[in-house]
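We count ligands from 1, going down the list as the structure has it; atoms in each ligand are counted the same way.
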Amino acid sequence: MTNTDNLSRSELSVLANRDALEIAPGRLYLGGQWRDSDSDARWQHLSPATNEEVTTIADASATDVDRAVGAARRAFDEGPWPRLRAKERKALLEPLIALLREAAPRLSRIQTLENGMPISFTSQYRLSAAVAADVFDHHLGWIDKLGGETYPQYTERSDLQYLSFREPVGVVAAIVPWNAPVLQLANKVAPALAAGCTVVLKPSEYASLSSLAIAELIDRLDLPPGVFNLVTGVGATSGEALITHPGVDKVSFTGSRGVGGRILEASGRDIKRVTLELGGKSPSLVFPDADVREAGKAVMRMIALGMSGQQCTAQTRALVHVDCYDEFLDGAREIAASVRYGDPFDPDTNASPLINKQQLVKVLDYVESGTAEGAHLLLGGDRPGDALSAGNYLNPTIFTQVDNRSRLAQEEIFGPVLAVIPFSDEDEAVRIANDTEYGLAAGIYTTDIARAFRLARRIRAGAIGVNGYTFMPNAPIGGYKTSGLGREGGRTALEAYTEQKTVMIETGA
Ligand code: NAD
């Protein structure tokens, strides 16, 4: 299961790749300039593959955050940015698309260094650094098309003509997680800048290096100072200072449900606008008329390959019809057996470690609780040894006969753990699928198109994949229930960075 045969513990190191990438010391980007933090506090970035120290980044203080928000505020309130003509704003941002495309191979390697995503996996469209260029390309295309409306005069009792405008919402705090940092940055910064907002970006402390590299590209544009700012640091300190800052008009957040709740609470004081992309416990519904073995493989790929289940939309609850249960498990086991852990820069490595030791401990605790709650541990649940023992690895894990009310089925685990739950008919499958506080995504595996449509409408989740699932920059994605608020992608995302203003004019006619 692991490609460690020729490795001794000391041979698995990411430091040579780090050195080749020539990572600059992590500073802050404030008001158009690279600056040192006001404090000496540094965050030690450890490789999830080896727990070696990769580098340190600035842990921005409340004063740093205040500087960043102040720069963004001035650029919005006094600068030309929100009032630029569409053609001018587009021309200033457009060179970034080519810069991102050119830098994509390096950005992919930085992403691999920081979060352990296997380099082989970054060739997949949605996790390639090139996708960030497409996200910018898509959103910049809206700059000269996003407008308001005029309304027919409603009654002869008024001569007022009504029309509405779309105006940028103001200063945006963009806060992103570590699991797909390049895509997540683009999903927020592109629509915010396109709409005419100014931005303070705070990446995850576990993956700030790619954001720092993209900030270097943004620095090469001719943007007015303060339009884009970057603070790095720990969530509880720099993140908290950002979400509670009165100068921020909108918080756009992707991350866990708990922090999302905290952001809603903190935003209540100033009635800040919020977009929240949160966690999930997404189901896959597998019917006997599907290519069941392929369905088992497709589901297990999301759990065991690539980010090893550390994806918000991973289908971590497999609801499988009793008539095709064993065939599904055969497919899932085939993928589990293909997992190759090892140096994330090795093209043969196809799965990642967990992001940090705390996450490993948390996932091991779920494994224990799964067994204690009566589920059957079919595969995994243990850690690979030898060369991999220094990293945060867990073998791909499958639990069968899982009770949907158990922790294993109700809580987001964020690791390579699949909970398989049997069902007997369509209604039961829908009931189990919707019996969760989350509603981010779902998969339906069937060749019956009528069933696919019927179920896609009945499942309460923001994105439903029928016999497949991926990301496209031009389609809205987001959560029902506790999985989020608002959508990213497409025109809907851009509108969320605007206010709609209605103007009425006495026409005398
Ligand atoms: P997290 O919530 O711990 O952290 C996300 C970001 O919030 C980080 O930048 C962190 O520093 C910051 N943060 C933490 N506490 C904060 C606070 N009090 N105030 C302000 N900022 C704070 O999440 P994570 O571990 O980085 O990411 C994993 C989570 O993200 C999972 O729950 C996953 O499902 C979710 N996620 C959702 C989507 C989606 O599109 N819905 C995509 C990817 C990941």
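The distance from ligand 1 to the heavy atoms of Leu440 drops below 4.0 Å at these ligand atoms: 41 (N). Every atom of ligand 1 is numbered from 1 in the order shown, and the set under 4.0 Å from a heavy atom of Pro177 is 24 (P), 26 (O), 27 (O), 44 (C). Taking every heavy atom of Glu205 and a limit of under 4.0 angstrom, the matching atoms of ligand 1 come to 10 (C), 11 (O). Within the listing of ligand 1, atoms 32 (O), 34 (O) sit less than 4.0 angstrom from a heavy atom of Gly279. Every atom of ligand 1 is numbered from 1 in the order shown, and the set under 4.0 Å from a heavy atom of Gly239 is 19 (N), 20 (C), 21 (N). Every atom of ligand 1 is numbered from 1 in the order shown, and the set under 4.0 Å from a heavy atom of Lys202 is 9 (O), 10 (C), 11 (O). Within ligand 1, counting atoms from 1 as listed, the ones closer than 4.0 Å to a heavy atom of Leu278 are 34 (O), 37 (C), 38 (C), 39 (C), 41 (N).
Just one residue in the list Leu201, Ile263, Val69, Thr237 forms a side chain to side chain contact (heavy atoms under 4.5 Å, CB included) with Leu242, and that residue is Val69. In summary, of the residues considered (Val182, Leu212, Leu21, Ile214), a side chain to side chain contact (heavy atoms under 4.5 Å, CB included) with Ile110 occurs for Leu21 alone.
Looking at Tyr206 against ligand 1, nothing comes within 4.0 Å, counting heavy atoms. Neither the backbone nor the side chain of Glu488 has a heavy atom within less than 4.0 Å of ligand 1. At a heavy-atom distance under 4.0 Å, only backbone atoms of Pro203 (N, CA, C or O) approach ligand 1. Contact annotation: for Gln184 versus ligand 1, heavy atoms closer than 4.0 Å belong to the side chain alone. Under 4.0 angstrom from ligand 1, the non-hydrogen atoms of Val259 all belong to its side chain.
Remark: ligand 1 and Trp178 share an N or O pair separated by less than 3.5 Å (distance only, no angle test). Annotation: Glu240 places an N or O atom under 3.5 Å from an N or O atom of ligand 1; distance criterion only. For Ser483, no nitrogen or oxygen atom sits less than 3.5 Å from a nitrogen or oxygen atom of ligand 1, counting backbone and side chain alike.
Atom CZ of residue Phe253 and atom CG of residue Leu278 lie 6.5 Å apart, to the nearest 0.5 angstrom.
Scanning all protein heavy atoms for the shortest distance to atom 13 (N) of ligand 1 gives Gly235 CA, 3.4 Å. Among protein heavy atoms, the minimum distance from atom 9 (O) of ligand 1 is reached at Val176 O, 2.8 Å. With hydrogens left out, the protein atom closest to atom 2 (O) of ligand 1 is Ser256 OG, 2.6 Å, a heavy atom. Nearest to atom 39 (C) of ligand 1 among the protein's heavy atoms is Cys312 SG, 3.3 Å.
Between Trp43 and Tyr206, the two ring planes are perpendicular [angle over 60°; tilted spans 30° to 60°]. In this structure, Phe228 and Tyr29 have tilted ring planes: the angle between them lies in the 30° to 60° band.
Ion pairing between a basic and an acidic side chain is recognised when a charged N comes within 4.0 Å of a carboxylate O; Asp435 and Arg317 show no such pairing. Salt bridge present: Glu437 and Arg257 bring a charged side-chain N and a carboxylate O closer than 4.0 Å.
Between Ser37 and Asp64, the shortest heavy-atom contact is OG-OD2, 2.6 Å.
Both tests hold for Lys250 against Tyr497: distance to the six-membered ring centre under 6.0 Å, angle to the ring axis within 45°.
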Using the rule given for side chain to side chain donor-acceptor pair (under 3.5 Å), can you reason through Lys202 versus Ser238, listing the C-alpha separation, both sets of side-chain angles and the distance that settles it, and then say yes or no?
CA-CA 8 Å; Lys202 197 208 84 63; Ser238 40; 4.9 Å; no
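Using a 3.5 Å distance cut-off with no hydrogens or angles, the side chains of Tyr366 and Glu411 do pair a donor with an acceptor.
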